[in-house]
A.B. asks: 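The structure's right below; bear with me while I get my questions together.
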Amino acid sequence: MGVENPAEQAQVLLRTRLCNPDFIFTIFSHSPDSNYSKLKYIMSSSVTEACNNSALLLGPRGCGKIAILEMVIKDLLQEYPDTICVIKLNGLLHSEDNCALKEIARQLCIENQLVFSKMASFDDNSQFVIAMLRECGLAHKTIIFVLDEFDLFTQGKQRLLYSLLDAMQSVTSQAVVVGVSCRLDADQLLEKRVRSRFSHRKLLFLPPSQEDLQKILQHALLLPTESGLPSQYVAAYNKKLLNTLSDEKFKDIIESLCHSDSTYNHLLRFLFAAVCHMDTKSGYLSLDNFKTALSSIQRQPKLEALQDCSILELYILVCLRRLEVKELETTNFNSAMKEYKSVHDSFQTSDYYAWNVCLRAFEHLLQRQLISLVDNRGHSQSVEFRPVRLLISSHELHQGLKSYRSCPAILHKLLDRGV
Amino acid sequence: MPPPPKGKKRVRTAKDKLLDSDLWAAHIESIWKEVDGTYWFRAHWYIIPEETAAGRQPHNLRRELYRTNDFADVEMESVIRHCYVMYPKEFEKARNEGDDVFLCEYEYDIHWHSFKRISEIEDNDVDDDEAEKDGDWNSCEDPDSDVEDERENQSNPLTRPSPAHPLAANSRKGRIFGLQKIGAKKIPEHVRSHKLTEIEKANATLLLATLPKSLPCRTKEMEEITTFIKGAICEDQCLGRYLYIHGVPGTGKTMSVLAVMRNLRCEVDAGSIKPYCFVEINGLKLASPENIYSVIYEALTGHRVGWKKALQSLNERFSNVTERSKEDDRPCVLLIDELDLLVTRNQAVLYNILDWPTKPNSKLIVIGIANTMDLPEKLLPRISSRMGIQRLCFGPYNYRQLQEIILTRLNGVDAFEKPAIEFASRKVAAVSGDARRALEICRRAAELADYRVKKLLSIPNSAAAGKMLVRMADVEAAIQEMFQAPHIQVMRSSSTLSKIFLAAMVYEGHRTGMSETTFDKLAITVSCLCTSNGEKFPGWDMLLKVGCKLGECRILLCEPGVKHKLQKLQLNFPSDDVSFALKDSKELPWLAKYL
Ligand SMILES: Nc1ncnc2c1ncn2[C@@H]1O[C@H](COP(=O)(O)OP(=O)(O)O)[C@@H](O)[C@H]1O
Ligand SMILES: [Mg+2]
C-alpha cells in the first residue's frame, strides 16, 4: 500500500466509476426529456401533491431502469428526508402473493421501527398494509413500492397487485407503485380488473444512441483534474485517451461491440475489462487494451467447446452429423457407434477406440451440451439407448474443425461427403 | 395589532390568553358526578404550535391548534366557556361563532412528538356517533363543544411513553399496534404553503382516490339497488334476497353500491328505516374462498375463529329462528365484491352463501358483484337458480357519459380544452367504457401539461405567461402511452444484429409461410442476408444471444437458449410491425428488400 503509482490510482478510480451506475447516468439526468426527469416528476408529485400513482418502467435488460430508479429515489430521500419509505420486492423472490405481502409488512415494520410477526396471516398483513398506507398518508409520508421483475408478479390470481392497486385508487394515501420489467407486454399480463386499476404510466428505456455513447465514453474514461492525481499525468493521460477515442480503429472496435448488443450494461462491462487490462507501467489506456477487452467479451461458447474436444469426441460428433443427414428415426449412442465402426471399416482410420472409452467421450459431449438427450423421459434406460440430438449445426462443426489445432483430414472429408 | 390608546391597558380577550398559553382548550369526552357532589370531566387537550417540540412552524396559522392525545380528568369548576375548534373545511365557512374560533387540522402525539392529519373519515364517524347517542349523559353535549379551561398546574404530568410494545404491529387478530408511532416530526412546508395552479387542481380532482361529490350517470341503477335493499329490509318478514350485479371493470359497480349504503345509513340515522348491519367483502382480498366464513363471522360478532367453526355458527345463526338477542336480530346486508373468486371446485362456498338467504327468517340480503354476465350460468344448477333471479347490469359507459363524469369532477376547475375531454372519452368508450381509464387518461394528460408548463417556466426569460390549458396533444400523448405497446420503438433502437435478426424472421416467415421457425434455419437465413449485403456474419453463438435478448423483451417468443440450434422461434408481433419499424432504417437501408 502506501504511496501508489498514479496509474494504479487512476485504474481504481476508473473501475469505481464504471461500477457506479449513479456516476454513469448523471450525465443524462438534467435534460427534461430524460427518463430521470420524467420519473422524478411522477414520483415527487406523489410526495408534494399527496396522491397515489403507479408507473411501469419497461425496456431491454441493461438499459438502466433500476439505475435511474435508484437515482431518483436517492435524490428524493435527500430532498424530503424522513418522509419517504421504500419497499422493494423482486418477482424472482416474491411472486407468491402470500409471501410478497409478508415481505411488504416486514419491510414496513423495519422502516417504521415496529415489531414484526412472522406468524401473521394473509388477512392480518393485508389489513396492516392498508392501515399503514392510510396512517402514512395522514402523516404526509410517501411509501414507494418497487416491484422488480414485475411480469413475474402476474402469475396466479394477482392478489397482491390487486390489493396494492386497489388501495391506490381507494385509500387517500400517498404511495407510488413502480413496476420494472424487461417484458414489453408486461401490462398486458395484468388481469382485467387489475389492469383497470393500473395507471398505465409507462417509461421506456432504450439503448444509448451514438451521441450518448460518445458522451459516456468521455464521461467515464477521462480523468478529472481535481482528483489528487498528479496533474501532469492526468493531462497526458487525457490527451492520449482523446487520441485513442478519435482513432478509426477504436471506432471499429466500438462498432463491433455494439453490433450485437448496444446496451449500457454491455458497454460498461467492456470498458471495465479494458481498464483491467490497462498497463500500469505506462499508465495509459491503449488501443490494444480495448482490443483484448473486446475479444474477452465476445466469446463464442460453442466454438470454444469444440476446440476443447478430443479427436474421438470430434469423431462422434461427425458420426452423429452423418446420421442426421441420413434422417434416421432415432439416433443414440449405439447407432453412433455403428456409424463409427463403419467409418473405421471403410476408411481404415488409424485409431479405433474401445466401446467404454467412446461412451465416456459421449458423456463428455452431453455434459458440454454439444449434444443433448431428446427428452427427459426414460430415466431408467441407460444412456447408450436414449435418443440424442446434435445441438450444434453442421456449419458450426465445420468451423470448429477448421480452426482445430490438428484436425485429421479424414474428419473434414467425412463431414463434407456425407453418406 | 394597533397599540392601545394612551392611559388604557389592553384587556386580553380569552382568545389572546389562549394563544399565549394562559388558557387552554380541551375536547370533553365524558362528564360524571363524584360522590362528593362535584362534577368532573375527562378531556383531551388542545395545544398551540409553540407548545409542540417542533415549535411554531412558518406555515402555522395564527388561530391554529393541535389536538393531542393528552387526556386529563378535570373538575367542571375550571371551565370558563364554550369555544369552537374547527376542521379546515368548517373553519373556512365559519361566520357567526364570534371570536373564539380556532382551526385544528392535525393531531399531535405527545409521546412521539409527531404530527398526523386528522382523517376526515374519522371525524365524520365521531359526529355520527355523537348524534346517535345524543342526550346520553355519558357523552359530551355537542360535537363542537370545546371548553376553555384554566389549567391550574402548568406541569401537568405527561404520561411517559409506554414501554416498547412486545406485540407485533402486523398481527394480533387484526388489531394493529404501534401505528401511533407513525407521524411526521414536522409538518412539511410544501403541504401547507403551496398554491395550486388550475392544472394541479384538475390533477387532484381527477384522482381516483378522491371521492367525487356527485355520481352522474348511475341514478337509475342506484335507485334500483336502493329499492332492492329497502324492500328487503323494510318488509316485516325480511325475506332474504339476492342481487347479482355485473359489468366490466370501472363501470361504477362498487362505487354505486357503496354510495347507496351511505345514503341508507343517513336514513337509518334519521330514523326513517330500521337499522341493519352491513358487511363488505372483496373476493380478491380473501386469502382463500373458505376464509369468507371467518370474515363474515368476525364482522357480525367481533370474534375471530377458524372457518369451519365460523361456518357452523353462521349456519346456526341463519337457520335458527328462536334464540337471537336483539342485536343479532337486525337484518344483514352482505356485499361480496369480485364474487367469481369464490367459485371453488365443488362450489360449496357459493352454495352456502346463497342458501342462507332462502332460509326463513335468516334476514340476510346478499349483493354479489362480478364482471361476467354469465357467471350464474356457469355454475351448478342449484346455485344458478338462486343467483340468477334478480340481476342488474352496469353497461360500459358511452362517450357522453364518460364526458359527463369527467366534467362533473372538473366542475369549477378550468384546466382542459373542451375537445380534449371529448377526445379522451370517445377513445375510452370505443375501447372499454371504463371510467377509471378515462379519468386516468385525463389525469395523465394534465400531468404531461403540467410537466410541459413547468419546463417552460424553468427557462428564465421565456414568455410562458397566459393561461395554460391541457391540450389535445397532451391527451393524445396520454392515450398513446396507455394503449400502445412500445415494441416499435424498441425495435428501432435495437442493435444492428437484432434488426437483421428480425428482418430475417420476417423474410423466413414470408418464404415458408410458417410463423414458427427454428434457430438452425434462421441462422442460415441471417448468414445469407449478411453475405449478400456485405455485412459481417457474427457467428452462431452471438446470434443465439441476440435472439434470446429479443425473446426476453417478448419481441420474439422463443424457447430457452440451451436448445441452441433446435430452439423454436416465433415473432410476438405482426410481421407488419417489424416491417414498419425497420423499413427505413438508416444504417441498414438494404433491410427494406426483405420486409
Ligand atoms: N358515474 C360515475 N361518476 C363518477 N365517477 C365514476 C362513475 N363511475 C365510475 N367512476 C369512477 O370509477 C371508479 C371505479 O368505479 P368502481 O365502482 O370501483 O368500478 P367497478 O365497476 O370495477 O367496481 C370509481 O372510483 C370512480 O372514481
Ligand atoms: Mg369493483
Side-chain angles (χ1 to χ4, degrees), chain A residues 32 41 48-49 51-52 58 60-61 82-83 105 109 112 114-117 119-120 122-128 131 135-136 138-140 159 162-163 169-172 182-185 192-193 196-197 199-202 204 206-207 258-262 300-303 369 389 391-393 396, chain B residues 116-117 119 165 167-171 174 176 178-179 181-185 187-188 190-191 200 203-204 207-209 249-250 284-285 287 371 434 436-437 440 444 451 455 481-482 485-487 489-490 493 495-497 520 523 538-542 545-546 549 552-555 562 564-566:
Chain A
Y41 174 82
T48 55
E49 258 127 73
C51 58
N52 292 320
L58 298 175
R61 283 191 203 283
D82 296 332
T83 61
C109 284
N112 295 288
L114 299 172
V115 187
F116 170 75
S117 152
M119 310 298 290
F122 182 86
D123 288 343
D124 283 337
N125 281 328
S126 78
Q127 279 173 25
F128 171 69
E135 293 293 314
C136 286
L138 292 175
H140 302 297
R159 286 179 206 278
Y162 182 85
S163 303
Q169 64 123 34
S170 53
V171 183
T172 39
C182 64
R183 280 189 69 163
L184 301 179
D185 58 350
K192 58 184 182 308
R193 288 174 276 219
S196 165
R197 285 163 171 81
S199 78
H200 291 268
R201 282 161 179 65
K202 283 184 256 179
L204 184 61
L206 295 171
C258 295
H259 187 64
S260 67
D261 185 346
S262 52
Q300 308 248 34
K302 290 282 188 242
L303 275 186
Q369 300 201 322
R389 300 201 54 180
L391 284 183
I392 51 166
S393 64
E396 285 169 292
Chain B
K116 207 187 286 182
R117 215 147 32 94
S119 82
H165 253 298
L167 292 166
N170 62 331
S171 76
I176 288 146
L179 283 192
K181 269 199 202 177
I182 316 266
K185 288 276 166 260
I187 300 164
H190 59 82
V191 180
E200 280 167 344
N203 223 326
L207 264 180
L208 283 172
L284 256 172
K285 291 182 188 164
N371 294 134
D434 179 341
R436 284 196 198 99
R437 289 286 187 107
E440 273 302 321
R444 180 62 176 153
Y451 188 70
K455 197 165 87 184
E481 185 180 13
M482 179 173 285
H487 58 280
Q489 285 177 64
V490 173
S493 64
S495 65
T496 323
L497 198 53
D520 194 16
W540 288 56
D541 285 308
M542 194 77 87
K545 215 159 98 186
V546 169
K549 294 230 160 193
E552 225 170 33
C553 301
R554 288 303 190 278
I555 291 176
V562 284
H564 205 73
K565 80 164 187 181
L566 306 174

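Chain letters run A, B, ... following the sequence lines, proteins first, then strands; residues in each count from 1.
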A.B. asks: Quick check for you: among A/V171, A/D82, A/D261, which has the greatest number of heavy-atom pairs under 4.5 Å with chain B?
C.D. replies: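 Most heavy-atom pairs within the cutoff with chain B belong to A/D261.
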A.B. asks: So, using ring pair (Phe, Tyr, Trp, His ring centres under 6.0 Å) as the criterion, who are the partners of A/H259 when residues are at least two apart?
C.D. replies: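 By the ring pair (Phe, Tyr, Trp, His ring centres under 6.0 Å) rule, A/H259 matches no residue at all.
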A.B. asks: Among B/K455, B/E552, B/K545, single out the residue with the greatest number of heavy-atom pairs under 4.5 Å to chain A.
C.D. replies: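 Among the listed options, the one with the most contacts to chain A is B/E552.
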A.B. asks: Are any of the side-chain heavy atoms of B/R437 and A/H200 separated by less than 4.5 Å?
C.D. replies: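 A side-chain contact exists here, since the closest heavy-atom pair is under 4.5 Å.
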A.B. asks: When only pairs under 4.5 Å are counted, which of B/H487, B/E440, B/K549 shares the most heavy-atom pairs with chain A?
C.D. replies: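 Highest number of pairs under 4.5 Å: B/E440.
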A.B. asks: I'd like to know which of B/A184, B/S493, B/A204 tops the heavy-atom pair count under 4.5 Å against chain A.
C.D. replies: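 Most heavy-atom pairs under 4.5 Å with chain A: B/S493.
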A.B. asks: Considering residues at least two apart in sequence or located in another chain, which fulfil the side chain to side chain contact (heavy atoms under 4.5 Å, CB included) criterion with A/S393?
C.D. replies: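 With sequence neighbours excluded, A/S393 shows a side chain to side chain contact (heavy atoms under 4.5 Å, CB included) to A/H395, A/E396, B/D520, B/W540, B/K565, given in chain and number order.
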A.B. asks: Measure the CZ-OG distance between B/R436 and A/S199 for me, rounded to the nearest 0.5 Å.
C.D. replies: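 So the gap between those two atoms works out to 12.5 Å.
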A.B. asks: Nearest 0.5 Å, please: how far is CG in B/L208 from CD in A/Q169?
C.D. replies: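 Here the interatomic distance stands at 5.5 Å.
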A.B. asks: Has B/E481 got a side-chain atom pairing as donor or acceptor with A/R201's backbone, closer than 3.5 angstrom?
C.D. replies: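 Between the backbone of A/R201 and the side chain of B/E481 there is no qualifying donor-acceptor contact (under 3.5 Å).
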A.B. asks: Report which part of A/R197 has an atom under 4.5 Å of a heavy atom belonging to chain B: side chain, backbone, both, or neither.
C.D. replies: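 When you check distances to chain B, atoms from both the backbone and side chain of A/R197 fall under 4.5 Å.
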A.B. asks: Which answer fits B/L207, side chain, backbone, both or neither, if we ask what part of it has an atom under 4.5 Å from a heavy atom of chain A?
C.D. replies: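 Side chain only.
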A.B. asks: Is any side-chain heavy atom of B/R554 less than 4.5 Å from a side-chain heavy atom of A/L184?
C.D. replies: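 No, their side chains stay 4.5 Å or more apart.
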A.B. asks: Taking side chain as everything from C-beta outward and backbone as N, CA, C, O, which of these in A/E135 sits under 4.5 Å from a heavy atom of chain B? Side chain, backbone, both or neither.
C.D. replies: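 Both parts, backbone and side chain.
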A.B. asks: Step by step, would you call A/L391 with B/L566 a side chain to side chain contact (heavy atoms under 4.5 Å, CB included)?
C.D. replies: CA-CA 7 Å; A/L391 284 183; B/L566 306 174; 3.8 Å; yes
A.B. asks: Taking atom NZ of A/K202 and atom CZ of B/R444, what is their separation to the nearest 0.5 Å?
C.D. replies: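 Result: 11.0 Å between the selected atoms.
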A.B. asks: Using a 4.5 angstrom heavy-atom cutoff, name the option from A/S117, A/A120, A/S262, A/P207 with the most pairs to chain B.
C.D. replies: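 Of A/S117, A/A120, A/S262, A/P207, A/S117 has the most heavy-atom pairs under 4.5 Å with chain B.
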A.B. asks: Is there side-chain contact between A/C51 and B/N203, with at least one heavy-atom pair below 4.5 Å?
C.D. replies: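 Side-chain contact under 4.5 Å: no.
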A.B. asks: Counting only heavy atoms closer than 4.5 Å, note whether A/F116 contacts chain B via side chain, backbone, both or neither.
C.D. replies: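 When you check distances to chain B, atoms from both the backbone and side chain of A/F116 fall under 4.5 Å.
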A.B. asks: Which atoms of B/V490 come close to chain A, meaning under 4.5 Å heavy atom to heavy atom: side chain ones, backbone ones, both, or neither?
C.D. replies: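 Both backbone and side chain.
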A.B. asks: What part of B/K285 lies closer than 4.5 angstrom to a heavy atom of chain A: side chain, backbone, both or neither?
C.D. replies: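 Both backbone and side chain of B/K285 come within 4.5 Å of chain A.
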